[in-house]
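The structure under discussion appears below in the form of structure tokens.
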Amino acid sequence: MPVVPGMILGPQAAEPLLLAGARLPGLAEPVDLHLAGGRIAAIRPAGSGPSAESAESERSSAAAGVVRRIELDGRFVVPGLHDRHVHLSQWAMVSRRLELSTAASAAEVAALVAASVAGGAAEVAGFGYRDGLWADAPSAAVLDAVSGETPVVLVAADLHACWLNSAAARRHGVQLPDDGVLREDACFALVRELDDVADELLDAWVAEAARRAAERGVVGVVDYEMRWNRDDWARRAAGTFPLRVAFGIYPQHLERAIELGLRTGDEVEGTGGLVTVGGAKVITDGSLNTRTAWCFDPYPGLGAHEHPHGLSTVPYEELVPHLRRAHEHGITPAVHAIGDRANARVLDAFEAVGCTGSIEHAQLLRHDDVARFARLGIVASVQPEHAMDDRDVADRYWAGRTDRAFMLAELAAAGVELALGSDAPVAPLDPWIAIAAAVGRARDGREPWHPEQSIEARAALAASTNRAGDEVRAGGTADLAVIELDPFAVSADELRTMPVAATLVAGAFTHSAL
């Protein structure tokens, strides 16, 4: 069967394959990779016959059918990439919403909204504004002046705030604060309403987003949509789907998951092993751009702001029993914490419960808490591209503390497990972008931001493969990415745009441009 560029086969279609003439990063000589039964049966020098230890695998492959040979012509093969933190439905919707990321002021956003209304939009849903450095401020009045009775809902790039006009407030039955911005739980509730799209339509959008992810070498994601995810993913993966998915369980769904006997790592029936149960997600503070990340030091320049230190959204006396309940039923906690005070308190909670898990984001930390991550065995699930998006906002609102922001090098040196991701749609669902940000700490030709916290490409790749490591190994699952450049021998800019020739999940092509 020929390999067709962009074709989606899915792991159910896996057949014995010989990937001939491959290169493994860091090694001079090419090799042949023999894939069978969804695994890497053997790795041997290019053009050589099967070794004694792989002979049995070769015979099994022959019995299963003809081995198909694909020439890689010296292309590099690495473990398939995982994005350990996404909101896949929202990522799939972004391209269908008004793009606001380029707006440098509330006035510029208003102009974009005005153009959309003038174009006949019945309602305007936008995404991606970042107001942390604006000279003017969002307000319902600014939107009302250009939209009239057309409802307008604009979601901030960090997903922690929504800016509405009065018509949208009436439609959705919400009480607007003076600035017209809903934050944290009020925002999340409204976003869930916006995401209430017919299953058939949303599934098609998600499938397209998954195909684009496969084109970047992605073999799996951890999905943290704020909904009951098991049924969505069971439905989507019942046929052919190009990604592995672990889904998160939010507090409002924890008891339902416990009643069903779901445990982290369990496979969802009928999905061919593609869909597994993820962690128990809980959000304990806000975000930097919204100035709600919970910090020890106050945010400068907020005056009489109601929450000068940010927000603790789950009291400690509620967090500990929630984590304990999840842990006792085999569901690993995955806890959102961005500010240094939130991270410290979440580590306190993990220690009180006596369980492991992950802290999602871990953006601002105290130096002493890095050692606690390591001692408690807590995974630091970090999104390095956020450092590139937030560096100027951090320099303003975390002034004097940015040496403690996105501390990848210090965490790695302490022996903390890093898990890199995007938080898509906050950053693009593309692990090469995350790897480049972790390695270079720079973008758009700017000087590196706190380069002392950068990590080597080998470490960044290992943190992007869901514990598969930084190199392909015989006996491992045949989740692979075929790339054009040696990731350990190129610049951070080249990593950011790494050409991907093919992606395989369990030995089956989910993307190929070979």
Side-chain angles (χ1 to χ4, degrees), residues 86-183 186-213 225-227 232 236 289-290 389 424-429:
V86 305
H87 304 269
L88 199 50
S89 293
Q90 292 183 63
W91 173 240
M93 293 178 188
V94 161
S95 63
R96 295 160 178 87
R97 291 179 174 168
L98 180 63
E99 171 61 50
L100 304 174
S101 63
T102 61
S105 66
E108 287 188 23
V109 169
L112 292 171
V113 170
S116 184
V117 171
E123 72 179 307
V124 178
F127 175 80
Y129 77 88
R130 297 176 183 273
D131 65 332
L133 299 175
W134 290 355
D136 53 359
S139 72
V142 167
L143 295 182
D144 287 349
V146 298
S147 60
E149 290 303 308
T150 302
V152 178
V153 178
L154 310 177
V155 182
D158 61 13
L159 301 176
H160 283 252
C162 297
W163 178 14
L164 283 69
N165 70 349
S166 299
R170 290 191 294 271
R171 168 172 289 191
H172 294 282
V174 298
Q175 182 68 41
L176 281 183
D178 292 341
D179 62 2
V181 178
L182 302 178
R183 296 174 175 85
C187 170
F188 300 153
L190 182 56
V191 168
R192 285 196 293 270
E193 284 190 38
L194 297 180
D195 292 350
D196 189 15
V197 177
D199 288 346
E200 183 177 349
L201 182 59
L202 184 57
D203 288 355
W205 293 348
V206 168
E208 169 61 19
R211 184 191 65 77
R212 286 187 278 112
E225 286 294 351
M226 291 184 184
R227 53 191 287 158
D232 290 336
R236 291 167 185 164
N289 190 71
T290 303
D389 291 329
V426 182
L429 202 175

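Below, all heavy atoms of this structure are taken into account, side chains as well, without hydrogens, waters or symmetry copies.
- Applying the salt bridge (Lys or Arg N to Asp or Glu O under 4.0 Å) rule to pairs touching residues 87-116 yields Arg97-Asp195, sequence neighbours excluded.
- Here side chain to side chain donor-acceptor pair (under 3.5 Å) pairs that include residues 132-146, with residues two or more places apart or in two chains, are Asp144-Ser166.
- Arg192 meets the salt bridge (Lys or Arg N to Asp or Glu O under 4.0 Å) test with no other residue; sequence neighbours excluded.
- Rounding to the nearest 0.5 angstrom, the gap separating the CG atom in Leu98 from the CZ atom in Phe127 is 12.0 Å.
- For residues 119-135, the pairs satisfying salt bridge (Lys or Arg N to Asp or Glu O under 4.0 Å) are Glu123-Arg171, Arg130-Asp389, Arg130-Asp390, Asp131-Arg291, with sequence neighbours left out.
- Cys162 and Leu190 make their closest contact through CB-CD2, 4.3 Å (heavy atoms, listed as atom of the first residue, atom of the second, distance).
- Of all heavy-atom pairs between Val142 and Ala137, the closest is CG2-O, 4.4 Å.
- The OG atom of Ser89 lies 13.0 Å from the CG atom of Leu194; values are rounded to the nearest 0.5 Å.
- Using modelled atom types, one side-chain atom of Asn165 and one backbone atom of Thr150 make a donor-acceptor pair closer than 3.5 Å.
- Screening residues 201-210 for salt bridge (Lys or Arg N to Asp or Glu O under 4.0 Å), with sequence neighbours left out, gives Asp203-Arg235, Asp203-Arg236, Glu208-Arg211, Glu208-Arg212.
- One finds the CD atom of Gln90 at 7.5 Å from the CE atom of Met226 (value rounded to the nearest 0.5 Å).
- Val181 approaches Pro177 most closely through the heavy-atom pair O-CG, 2.9 Å.
- No side-chain heavy atom of Val153 sits less than 4.5 Å from a side-chain heavy atom of Glu193.
- Residues satisfying the ring-ring contact (aromatic ring centres under 6.0 Å, His included) test with Trp163, not counting sequence neighbours, are Tyr129.
- The shortest distance between side-chain heavy atoms of Val146 and Val117 does not fall below 4.5 Å.
- Distance check: Leu159 CG to His87 NE2 gives 5.5 Å after rounding to the nearest 0.5 Å.
- The backbone N or O of Thr290 sits less than 3.5 Å from a side-chain atom of Asp158, completing a donor-acceptor pair.
- With rounding to the nearest 0.5 Å, the separation of CG in Asp199 from CG in Asp232 is 6.0 Å.
- Proximity of Leu202 to Met93: side-chain heavy atoms (C-beta onward) are separated by under 4.5 Å at one or more points.
- Between Val426 and Ala157, the shortest heavy-atom contact is CG2-O, 3.2 Å.
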